[in-house]
Amino acid sequence: MVLYGILPIYSNTYTALTTIDPNLTEAAEVFGLTKRQRLLRIELPLAKDNILTGIKTATVLIIGTATLAALIGAGGLGTFILLGIDRSNSVLTLTGAVGSALLAVGFSWLITRFGRLKAKSMLAVGGGILLLLLIGTVGPKVYTATQPEKIVIAGKLGSEPDILINMYKDLIKADNSNVAISLKPNFGKTSFLFSALKSRQIDIYPEFTGTVLEDLIPNSHRQLQNKSANQIYQQAKTELAAKYNLRYLAPLNYNNTYTIVTTRTFARQHQLQTISDLKKLSGRLHSGFDLEFMSRNDGYKGLVKKYGLRFRNTDLDPDLRYQAIRRGQVQIIDGYATDSQIRQYHLVALKDDQHLFPTYQGAPLMTAKFARQHPTITKQLNRLAGKITANQMREMNYQVNVKNMSAAKVAKAYLQHHHLLRK
Amino acid sequence: MSNSPIIQLSNLSVAYDHQTAINNLSLSVYPHEIVVLVGESGGGKTTILRSISGLVTPASGHITVNGLPLNARNLRQIRLNMGYVLQQISLFPNMTIKQNLTLLPEIKHQSKTLTNQTIRSLMAAAKLPMDYLTKYPNELSGGEQQRVGILRAFGTRPALILMDEPFSALDPVSRDQLQDLTLAIHQKFNNTILFITHDMNEALKMGQRIGVVKDGQILQLDTPDNIVRHPATPYVRTLFSGSEARKIENIYIRRLILAGYGQPTPFKDLPIELVAGDQILGNCYHILAQNRQLAVQQNQKTIGYLNGQSILNFLAAKQAHQSNK
């Protein structure tokens with residue numbers, strides 16, 4: 001990002017310094033000004049406005065780009081935007097967008113003000129900012145170097161991983177309250193978390209069994225359909241250990257796989273319980289599947305092949321599907337089993353009676369070395385094995401996303417209620 | 001002119017891309033005089049000036065300025081003791097007029113008191129109001145800007161001032177005013193001026209000696225009178241012919257130097273050539289209209305002063321004399 005900002009600053013400075021009227025620089029030379037005097041007294045002051053414009057452009061650019069940093073878990077206002085999109089919460093999105101816009105305008109204003117300062121105060125202010133930056137960069141490194149080991153637990157975007165990592169934390173703390181734990185919720189997407197784990201930037205994150213086999217260790221020869229949840233978990237565990245030297249702990253109960261969702265009223269009206277029940281409406285159904293679902297073998301293609309279904313489909317963005325079905329624009333959408341919107345908008349998930357969708361069970365993933373060094377932690381985390389049903393997870397997501405409760409609170413309540421944690 | 005020269009060019013040759021710009025040229029400029037180099041564009045006038053200011057490195061020959069040979073070691077020293085007025089004016093747009101005027105004295109570490117004093121008297125001589133000091137160059141007209149450009153060159157009271165076609169981009173009225181201003185300040189500070197122009201009238205008005213430059217050589221270096229009356233080559237003759245009488249008049253107009261620095265004395269005698277035609281009036285009108293005092297010089301000596309009204313009176317008498325014939 002620093003490199004990104006350098007370009008406009010450099011090019012503007014270069015242009016500014018090279019487009020100064022040659023008569024002026026020649027005059028300064030003939031008047032006996034030294035090179036240094038020419039630069040400080042004539043060339044830099046003349047180029048000042050252009051240089052500042054460059055800095056301004058760079059700042060605005062960086063603030064704009066910085067929102068993307070949320071994708072790789074660097075935090076910032078972009079997290080609000082991504083979460084907002086993820087939760088169909090326009091207030092959050094706007095908070096992030098307006099926030100970064102205000103930040104850009106604010107910085108732009110500050111730089112303009114800075115440009116009006118006299119040369120001396122400009123030097124003082126500029127020096128001060130540089131000093132602060134230096135302290136800001138070096139300080140934390142020095143500080144963290146002197147700190148005891150800290151366990152970093154990260155989660156993907158969304159409320160569900162956030163709740164899970166809070167549970168991990170509570171369980172580890174229950175065993176040993178002296179362990180320092182840092183949570184990094186909304187840290188990024190799958191590939192980013194996976195590489196962060198491999199490079200030891202994070203220690204633990206919850207991953208889905210299906211995702212491991214579909215995205216992390218893809219192998220087209222593998223047949224995932226018609227396999228039991230346990231088979232899939234075992235396969236994922238073995239391959240992770242063999243290929244990446246990672247330890248995959250026991251999975252939770254719920255299966256957060258694709259599901260076919262319709263409204264409660266529509267289901268009652270046509271007596272729908274399983275996906276096979278849709279057969280009688282085939283051809284008359286208006287669906288809103290997202291593009292990824294449409295293209296996957298275990299998605300729309302599977303629905304057609306395995307269930308013999310046919311839909312009139314409108315391709316929808318994942319986050320717009322729920323809006324569309326809520327407004328009655330479509331009757332059928334794809335979703336994830338634990339989506340809180342299913343609860344929020346009074347929808348039902350139809351049973352995958354022909355086992356089309358592979359299993360996606362969440363389980364803590366860590367390096368084998370970490371697992372060896374922290375046997376008590378793996379023991380504590382394994383207490384979650386087989387816990388949390390899809391309904392319970394959906395309810396917790398609902399509490400966080402819709403009821404705006406904190407993930408930490410929801411996680412703790414669950415653990416206490418199910419006697420995994422003492423009150 | 002008995003002192004040693006302030007500028008000495010000996011056998012100077014300069015070439016651009018193997019094309020000779022100055023060819024074995026020698027020139028001596030003495031303290032306190034105004035030497036004008038005149039000639040057509042491309043003749044090498046500007047190259048001579050650029051050589052003296054160290055912007056161009058000669059192919060051969062020697063340059064001494066103020067007794068110092070021009071080389072890398074002396075360059076800055078020479079430049080700091082030299083004023084420069086450019087055709088493009090080139091006031092620094094990021095500085096106020098005052099900052100423009102104080103920049104060079106500051107770099108020379110001249111005392112602030114002296115600088116302020118000099119600036120005040122220069123501003124007064126240039127008839128620029130003091131509140132101009134806080135303005136920026138782009139708030140001034142072209143003529144006013146070049147006025148400041150001249151003041152800037154005089155600000156460090158340098159012994160030598162180089163002027164590179166300083167007025168050629170200005171309107172005739174401003175040009176005339178600035179020529180007068182330059183002559184007036186020169187009279188006050190008594191420094192040496194090497195002046196470049198392609199305007200023969202300007203050369204005749206400004207120069208105590210005029211050098212005619214062509215093809216990188218000086219064809220003739222002489223007083224304005226001799227240049228006009230005894231041109232050394234046919235080229236010099238053509239350059240100053242056509243309006244010869246008018247040129248002669250200009251010689252004498254040049255000697256009507258703005259007073260203001262001496263006690264005006266009554267007009268006694270006037271060289272007859274001054275009124276050889278009506279053109280004089282034309283050239284002097286703005287001086288007459290403001291009824292300023294004029295000093296009349298002959299052979300470098302002020303022989304008397306006159307004001308606008310006395311010139312008009314004289315011309316009226318002259319006209320009466322002619323009609324009686």
Side-chain angles (χ1 to χ4, degrees), chain A residues 8-57 108-127, chain B residues 46 49-56 65-66 68 70 72 74-96 99-110 136-138 145-146 148-149 152-156 158 160-166 169:
Chain A
I9 296 179
Y10 173 80
S11 70
N12 269 49
T13 307
Y14 181 80
T15 322
L17 285 176
T18 47
T19 52
I20 291 175
D21 181 359
N23 284 319
L24 289 179
T25 44
E26 194 175 289
E29 192 187 340
V30 174
F31 292 155
L33 274 75
T34 59
K35 268 195 178 143
R36 197 184 138 83
Q37 285 170 330
R38 264 180 273 158
L39 185 71
L40 290 179
R41 292 191 166 243
I42 315 290
E43 290 163 11
L44 280 182
L46 283 176
K48 186 186 76 181
D49 286 348
N50 276 324
I51 294 174
L52 283 174
T53 310
I55 296 178
K56 227 186 277 183
T57 316
S108 183
W109 180 77
L110 277 177
I111 293 167
T112 313
R113 283 295 300 264
F114 177 71
R116 295 208 197 106
L117 292 177
K118 291 219 173 97
K120 269 184 193 158
S121 20
M122 202 184 263
L123 219 63
V125 173
Chain B
T46 298
L49 223 57
R50 289 172 72 87
S51 309
I52 297 167
S53 56
L55 288 172
V56 170
V65 181
N66 252 329
L68 291 173
L70 184 78
N74 294 333
L75 182 60
R76 181 144 197 268
Q77 170 81 26
I78 287 171
R79 281 175 169 172
L80 285 177
N81 288 305
M82 194 164 71
Y84 206 108
V85 184
L86 302 93
Q87 180 183 348
Q88 300 85 1
I89 307 173
S90 304
L91 295 181
F92 299 116
N94 56 316
M95 302 180 186
T96 60
Q99 287 168 329
N100 264 289
L101 291 176
T102 54
L103 175 68
L104 301 182
E106 220 173 274
I107 280 168
K108 270 188 80 176
H109 304 294
Q110 185 175 297
Y136 282 88
N138 62 4
Q145 285 186 31
Q146 190 56 300
V148 177
R152 176 173 62 176
F154 281 86
T156 55
L160 171 66
I161 291 182
L162 306 181
M163 300 179 93
D164 185 4
E165 306 218 9

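Owing to the predicted nature of the structure, the values given are computational and were not obtained by experimental measurement. Below, chains carry the letters A, B, ... as their sequence lines are ordered, and counting in each starts from 1.
Across all non-hydrogen atoms, the minimal contact from L24(A) to L91(B) is CD2-O, 3.5 Å. G32(A) approaches L80(B) most closely through the heavy-atom pair O-CD2, 3.9 Å.
Between L103(B) atom CG and Q37(A) atom CD the span is 8.0 Å, to the nearest 0.5 Å. One finds the CG atom of N23(A) at 10.5 Å from the CD1 atom of I89(B) (value rounded to the nearest 0.5 Å). E26(A) contributes atom CD, which lies 8.0 Å from atom CD of Q88(B) (distance to the nearest 0.5 angstrom).
No other option in P93(B), A153(B), G54(B) has as many heavy-atom pairs under 4.5 Å with chain A as P93(B).
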- Check the pair R41(A) / F92(B) against side chain to side chain contact (heavy atoms under 4.5 Å, CB included), numbers first and verdict last. CA-CA 10 Å; R41(A) 292 191 166 243; F92(B) 299 116; over 6 Å; no
- side chain to side chain contact (heavy atoms under 4.5 Å, CB included) between R50(B) and V30(A), intermediate numbers included: CA-CA 9 Å; R50(B) 289 172 72 87; V30(A) 174; over 6 Å; no
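Checking K108(B), R79(B), R152(B), M82(B) one by one against F31(A), the side chain to side chain contact (heavy atoms under 4.5 Å, CB included) holds for a single residue, R152(B).
Neither the backbone nor the side chain of L162(B) comes within contact range of chain A; no heavy atoms are under 4.5 Å apart.
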